[in-house]
Amino acid sequence: MKAAALIRLSRNGTVAGMLALLALCLLWEAWLAPLRPGSLLWIKALPLLLPLPGVLRGKRYTYQWLSMYILLWFIEGVMRGWSDIGTIRYLALVEVALSVWIFVCTVLYSRLTRSPA
């Protein structure tokens, strides 16, 4: 596969992963399995909007810091997957999978778009 195709694939993968994680966080905490009725924990999805403009523009620096930033959702997913039961555990495992997907796509994009030494 050519480098340009891999760059496009990693960029699209990052955008798709971020939108899916944003939707998961909103649905999870607002409707599917909220911590308690009326919980405002859905707000955890809003920080995902911060890197979105830079990701959509293909800014390499945004991808670099997003690769570390996304680990916050990974940590939350691991902790809730480990400690909770039922539906919440499965939603947490999906959160972990999406955060790993985003991490891999951002690292791949960052590596492929670096300038030659």
Side-chain angles (χ1 to χ4, degrees):
M1 197 177 252
K2 293 188 178 188
L6 280 175
I7 290 170
R8 189 172 49 254
L9 187 64
S10 62
R11 186 175 176 186
N12 292 340
T14 301
V15 172
M18 287 185 64
L19 294 176
L21 185 58
L22 180 68
L24 173 72
C25 291
L26 289 173
L27 289 172
W28 176 359
E29 301 298 348
W31 183 62
L32 294 174
L35 196 56
R36 56 186 148 283
S39 172
L40 295 177
L41 201 54
W42 59 268
I43 293 174
K44 74 178 183 184
L46 297 181
L48 285 169
L49 296 174
L50 290 174
L52 200 56
V55 168
L56 292 172
R57 288 188 196 108
K59 294 192 176 213
R60 186 171 186 268
Y61 182 73
T62 303
Y63 281 81
Q64 289 173 324
W65 67 261
L66 177 59
S67 68
M68 294 294 110
Y69 187 65
I70 201 65
L71 296 178
L72 295 171
W73 284 267
F74 174 80
I75 292 167
E76 192 229 0
V78 168
M79 292 304 298
R80 291 187 74 181
W82 182 269
S83 63
D84 290 333
I85 57 172
T87 305
I88 295 174
R89 176 173 283 163
Y90 298 115
L91 293 170
L93 293 176
V94 173
E95 181 178 38
V96 168
L98 286 171
S99 61
V100 168
W101 172 262
I102 295 167
F103 178 81
V104 169
C105 288
T106 57
V107 169
L108 182 62
Y109 183 87
S110 295
R111 293 195 79 173
L112 293 171
T113 58
R114 68 180 171 202
S115 57

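For clarity, every value in this text was computed on a predicted model and none was experimentally measured.
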Considering all heavy atoms of both residues, which atom of Gly58 and which atom of Arg11 are nearest to each other, and what is their separation? N-NH2, 3.4 Å

Sorted by chain and number, sequence neighbours left out, side chain to side chain contact (heavy atoms under 4.5 Å, CB included) with Ile88 holds for Trp28, Ala33, Arg80, Asp84

Partners meeting side chain to side chain contact (heavy atoms under 4.5 Å, CB included) with Pro34 (sequence neighbours left out): none

Grouping I, L, V, M, F, W and Y whenever their side-chain heavy atoms are under 4.5 Å apart, do Met79 and Leu93 come out in a common cluster? no

Applying salt bridge (charged side-chain N to carboxylate O under 4.0 Å, His left out), which residue pairs with at least one partner in residues 45-62 are found, sequence neighbours left out? none

Here the pair of heavy atoms bringing Ala92 nearest to Gly77 is CB-O, 3.3 Å

Approximate separation, where rounding is to 0.5 Å, of Phe103 CZ and Leu98 CG: 15.0 Å

Apart from Leu35 itself, its cluster of hydrophobic side chains linked below 4.5 Å comprises Leu41

Between Trp82 and Tyr90, is there a shared hydrophobic cluster once you connect ILVMFWY residues whose side-chain heavy atoms come closer than 4.5 Å? no

Please find the pair of heavy atoms, one from Pro51 and one from Leu66, that lie closest to each other, and give the distance. CG-CD1, 3.8 Å

Ile102 vs Leu21, side chain to side chain contact (heavy atoms under 4.5 Å, CB included): CA-CA, chis, key distance, verdict: CA-CA 9 Å; Ile102 295 167; Leu21 185 58; 4.0 Å; yes

With sequence neighbours left out, what residues match Ile85 under side chain to side chain contact (heavy atoms under 4.5 Å, CB included)? Arg89

Between atom CG of Leu22 and atom CG of Leu46, what is the distance when rounded to the nearest 0.5 Å? 8.0 Å

Supply the atom-to-atom distance Arg8 CZ to Leu112 CG, rounded to the nearest 0.5 angstrom. 12.0 Å

So does Trp101 have more than 12 non-hydrogen atoms from other groups sitting under 6.0 Å from CH2? no

Is any side-chain heavy atom of Tyr69 closer than 4.5 Å to one of Leu50? yes

In Å, rounded to the nearest 0.5 Å, how long is the span from OG of Ser99 to CD1 of Ile75? 9.5 Å

Test of understanding: clusters of I, L, V, M, F, W, Y form through side-chain heavy atoms closer than 4.5 Å, transitively. Do Leu56 and Leu19 belong to the same one? yes

Same cluster or not: Leu71 versus Tyr61, using hydrophobic residues (I, L, V, M, F, W, Y) connected whenever any side-chain heavy atoms lie under 4.5 Å apart? yes

Separation of Trp42 CH2 from Leu26 CG (nearest 0.5 Å): 7.5 Å

Heavy-atom closest pair (Tyr63 atom, Thr106 atom, distance to 0.1 Å) is O-CB, 3.7 Å

Let me check something: do Leu48 and Leu32 share a hydrophobic cluster, defined by ILVMFWY side-chain heavy atoms less than 4.5 Å apart, either directly or through other members? yes

After noting the C-alpha distance and the side-chain angles of Ile43 and Leu40, does the key distance pass the side chain to side chain contact (heavy atoms under 4.5 Å, CB included) rule? CA-CA 6 Å; Ile43 293 174; Leu40 295 177; 4.0 Å; yes

Could you check Trp73 against Cys25 for side chain to side chain contact (heavy atoms under 4.5 Å, CB included), going step by step and ending with a plain yes or no? CA-CA 10 Å; Trp73 284 267; Cys25 291; 3.9 Å; yes

The complete set of salt bridge (charged side-chain N to carboxylate O under 4.0 Å, His left out) pairs with one or both residues in residues 101-111, sequence neighbours excluded, reads none

Looking only at non-hydrogen atoms, find the nearest pair between Leu108 and Ser10 and report the distance. CD2-CB, 3.9 Å

Applying side chain to side chain contact (heavy atoms under 4.5 Å, CB included) to Glu76 and Leu72, what does each step give before you reach the verdict? CA-CA 6 Å; Glu76 192 229 0; Leu72 295 171; over 6 Å; no

What heavy-atom pair brings Gly54 and Thr62 nearest, and what distance separates the two atoms? CA-OG1, 3.7 Å

